[in-house]
Amino acid sequence: MSEPLHPTPTAASATATTASLDDRYGRTPDRRRRGKLFGVLAAIAVVLVFVAWVVWAGLDQESHGLDNTELGYTVVSDHRTVVHSQVSADPGTEVRCAVQVLDKSYSIVGWKEVTLPASEQRTRSISTEVNTTTRGVTGLIHDCWVP
């Protein structure tokens, strides 16, 4: 009987070859554990950053029940517009609002900051006269905040 040209690998030599290749290309149990540990630590870091952002952006801010509604506007002349609005805030809270007037190309042509002193009323109607550089076509509250 003659010997085969390609000897059949034994189970021991196949395992040794696989282990040798795994070592060569970094496929070791230690490396897998480090990869999993890095993945878990990265996930924990992302969660911590997200929680910190939620606390900073949402829970740490007080809204003071602040809300505003535009009721309309009156163009008095080419250089003056009156903006009518309602502002709601918790009683006893001073509020500051920025009122703007826009022209037909949506450019700001008038701007005025209005301070509403603390009041016992939750909702107040205000009319704000705003000087403009050209004729305005709309007026509205840009933003309100608690100073």
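Every heavy atom of this structure was used, including side-chain atoms; hydrogens, water molecules and symmetry mates were not. In what follows, residues are counted from 1 in the order of the sequence shown.
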If you compare all heavy atoms of Arg135 against all heavy atoms of Asp103, which two are closest, and at what distance to 0.1 Å? O-CB, 3.8 Å
Specify the closest pair of heavy atoms between Ala98 and Trp145, including all atoms of both residues, with the distance to one decimal. N-CZ3, 3.8 Å
In this structure, CZ of Arg124 is separated from OG of Ser85 (nearest 0.5 Å) by 11.0 Å
Are Ile141 and Val95 connected in the hydrophobic side-chain network, where two residues link if heavy atoms are under 4.5 Å apart? yes
Would you find a donor on one side and an acceptor on the other, under 3.5 Å apart, between the side chain of Thr81 and the backbone of Val137? no
side-chain contact (heavy atoms from CB on, under 4.5 Å) with Val130: which of Lys112, Gln100, His79, Arg80? Lys112
Under 3.5 Å, is there a donor-acceptor pair linking the side chains of Ser125 and His84? no
Mind checking whether Val114 and Tyr73 sit in one hydrophobic cluster, side chains of I, L, V, M, F, W, Y counted as touching below 4.5 Å? no
Cluster question for you: counting only ILVMFWY and a side-chain heavy-atom cut-off of under 4.5 Å, with indirect links fine, are Val87 and Val99 together? yes
Does Leu66 share a hydrophobic cluster with Val83, counting links as ILVMFWY side-chain heavy atoms below 4.5 Å and allowing steps through other members? yes
May I ask whether Leu71 and Val82 are part of the same hydrophobic cluster, defined by side-chain heavy atoms of I, L, V, M, F, W, Y residues being less than 4.5 angstrom apart, directly or through others? no
Given side chains that start at C-beta, do those of Leu102 and Ile108 come closer than 4.5 Å, heavy atoms only? yes
Taking the side chain as every heavy atom from C-beta outward, state whether Gln86 and Asn68 have any pair of such atoms under 4.5 Å apart. no
Any side-chain donor near an acceptor of the partner, Arg96 and Thr115, under 3.5 Å: yes
